[in-house]
There are 2 protein chains.
Amino acid sequence: MTTRKRRPSGEASREHILSIALGLFREKGFDGTTMRDIAAAAGLSLGAAYYWFPSKEALVLAYYARQQDAHAAASREALERLPDLRSRLGAVMHAKLDMLKEDRKLLRAILRSTLGADEPTSVFSAETSEVRGQAIAIFLDAIGKDESVPEDARPLFAQALWTLHLGLLLYFVNDTSEDQTKTRALVDGSLDLVCNLAPPMLGPMRAEITALLQNAGLFAAKK
Amino acid sequence: MTTRKRRPSGEASREHILSIALGLFREKGFDGTTMRDIAAAAGLSLGAAYYWFPSKEALVLAYYARQQDAHAAASREALERLPDLRSRLGAVMHAKLDMLKEDRKLLRAILRSTLGADEPTSVFSAETSEVRGQAIAIFLDAIGKDESVPEDARPLFAQALWTLHLGLLLYFVNDTSEDQTKTRALVDGSLDLVCNLAPPMLGPMRAEITALLQNAGLFAAKK
DNA sequence: AAGCAAATCTGAACGCGTTCAGATTTGCTC
DNA sequence: GAGCAAATCTGAACGCGTTCAGATTTGCTT
């Protein structure tokens with residue numbers, strides 16, 4: 001009944017499989033990589049791979065968690081350095097793109113399962129809620145104590161920025177322009193607009209928007 | 001070489017398969033219905049089903065086209081009757097939800113492939129561009145000649161409304177409230193906001209927004 | 001060291017979407 | 001109606017993700 005014992009060799013297996021899998025995904029694409037490929041490359045049987053990851057999508061979930069940690073670390077550094085809202089938001093968004101730029105092909109293959117709250121890999125699913133919360137928290141950090149955004153509007157604004165960032169990622173993975181310059185321009189243009197728009201809009205409309213989203217369950221009432 | 005001959009029995013086969021397939025999808029879900037089920041229920045062999053629809057997803061594409069036609073017809077009637085912008089937009093959006101309310105389960109299963117421009121069933125793919133154009137045209141019709149929206153801002157506004165409608169559909173298919181009342185409220189609340197917001201915003205910011213989207217290729221320059 | 005349960009691994013098997021080489025039917029020409 | 005090519009259909013086969021009954025290994029207790 002001692003279920004919390006860590007088997008060093010066991011967790012190492014898990015990490016090993018994940019690394020091998022991500023390498024193969026990047027090299028041959030998500031669909032082009034079979035679970036049998038992954039198991040063979042990791043020196044294990046097919047069943048062993050399924051012992052550590054109950055499905056191919058579970059590997060994607062683990063990938064999310066890895067990227068989220070890396071993004072949080074990369075953002076923290078920038079947030080300690082930059083003072084103004086606009087540049088902080090830019091740093092956070094561009095840091096994410098920098099991190100994901102080698103994985104656009106992989107993300108494109110994965111995107112199919114990122115809608116639809118059913119799918120465990122959906123950005124809206126219960127399984128990803130922790131990662132999602134961390135991602136929104138980064139934007140909350142980026143807003144920080146900037147006085148142009150009233151304190152009680154910050155959670156709403158952070159969630160809006162996260163939603164914008166999802167849309168930008170969708171554009172990013174399909175962006176064929178050199179070095180994804182188009183996405184970079186879209187990020188900067190959107191943020192300019194948002195930073196100009198948000199303060200005036202947040203005033204008169206904030207109460208209505210908040211009520212609307214809360215009724216829909218799309219925005220958590222403050223705890 | 002006479003490739004344009006219509007075989008009545010042939011096209012009938014196609015329609016028959018599609019009807020059977022949609023019935024099974026509604027009854028047993030998308031994943032719960034196999035191509036073998038469809039072929040058997042249609043009284044054909046597996047290969048014959050693949051002769052008419054090159055993939056399971058192709059059935060989804062045909063379903064899109066059917067729904068789009070039905071929505072256009074339902075909207076046309078309402079648009080001839082209603083004079084003001086707000087009620088026209090409400091009619092169009094609610095007509096769509098009325099039409100799809102029996103298919104929420106099916107749509108949820110399908111949603112997985114509606115992102116990612118790779119997938120042929122993506123709302124952004126080349127394969128669906130015709131359907132997409134028709135859907136945007138409905139919103140253009142709904143705006144009509146309403147004077148609160150400047151003429152040259154109408155295409156942009158129509159596309160924004162279509163994007164909003166996509167988001168609302170995403171909420172709709174996962175809405176577990178009775179009769180999807182929450183979605184209905186969200187539709188009405190969003191449209192109230194948009195109708196109040198759009199005119200003042202479209203003034204000062206229109207040029208910037210249009211330029212931003214055109215550079216990103218997200219909005220076609222006027223032809 | 002013997003015993004044992006949990007942790008870890010194996011490989012065959014299943015059902016699925018899809019493909020394909022070839023059979024059959026249809027509509028046409030002479 | 002004989003001949004023929006295109007249209008339509010057949011069913012076996014393939015590779016995939018996933019499952020599972022059972023084998024093996026590990027760490028602990030006595």
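As the structure is a prediction and not an experimental result, all values here were calculated from the model.
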Taking the side chain of A:L44 as heavy atoms from C-beta outward, which of D:dC9, C:dC9, C:dT18 is closest to it?
-> C:dC9

Rounded to whole angstroms, how far apart are NE2 on B:H16 and P on D:dC9?
-> 12 Å

So what does B:L46 touch, heavy atoms closer than 4.0 Å: a base, only the sugar-phosphate, or nothing?
-> base

Integer-rounded Å distance: C:dG17 P and B:M35 CE = 7 Å

Would you say a side-chain N or O of B:W52 is under 4.0 Å from OP1 or OP2 of D:dA7?
-> no

Identify which nucleotide among C:dG17, D:dC9, C:dT10 has an atom closest to any side-chain atom of B:T34, counting heavy atoms from C-beta outward.
-> C:dG17

Please examine the side chains of A:L106 and A:Y63, heavy atoms only from C-beta on, and report whether any two atoms are closer than 4.5 Å.
-> yes

Short N-O contact, B:D37 and B:K28, less than 4.0 angstrom = yes

Please state how far atom CG in A:D31 lies from atom P in C:dC16, giving the value in whole angstrom units.
-> 20 Å

In dot-bracket form, how is DNA chain D paired, counting a Watson-Crick or G-U wobble pair only if both its distances are under 3.5 Å and using | for bases paired to another strand?
-> ||||||||||||||||||||||||||||||

Where the side chain of A:S45 is defined as all heavy atoms beyond and including C-beta, which of C:dG17, D:dA7, C:dG11 is the nearest nucleotide?
-> C:dG11

In terms of side-chain heavy atoms of B:R36, which of C:dG17, C:dA7, D:dG17 is nearest?
-> C:dG17

May I ask you to test the B:L140-B:R154 pair for a side-chain heavy-atom distance under 4.5 Å?
-> yes

Which of these nucleotides, D:dT10, D:dA7, C:dT18, is closest to any side-chain atom of B:S55?
-> C:dT18

Kindly say if A:S13 contacts the phosphate of C:dC9, meaning a side-chain N or O under 4.0 Å from OP1 or OP2.
-> yes

Find the distance A:K28:NZ to D:dG15:C1' and express it as a whole number of Å.
-> 13 Å

Pi-cation contact, B:F30 with B:K56 (under 6.0 Å, within 45°) | yes

Just how far, in rounded Å, is P of C:dC9 from CZ of A:R14?
-> 13 Å

Min side-chain heavy-atom separation B:I138-B:W162 under 4.5 Å | no

Quick one: A:F53 CZ to C:dC9 C1', roughly how many Å, whole number?
-> 15 Å

If you measure from the Lys or Arg side-chain nitrogens to the Asp or Glu carboxylate oxygens, is any gap between B:R76 and B:E80 under 4.0 Å?
-> no

Atom CZ of A:F30 and atom C1' of D:dG17 are separated, to the nearest Å, by 10 Å

Rounded to whole Å, OH of B:Y50 lies from C1' of C:dT19 at a distance of 9 Å

Keeping the roles fixed (side chain from A:T33, backbone from A:L24), state whether a donor-acceptor pair exists under 3.5 Å.
-> yes

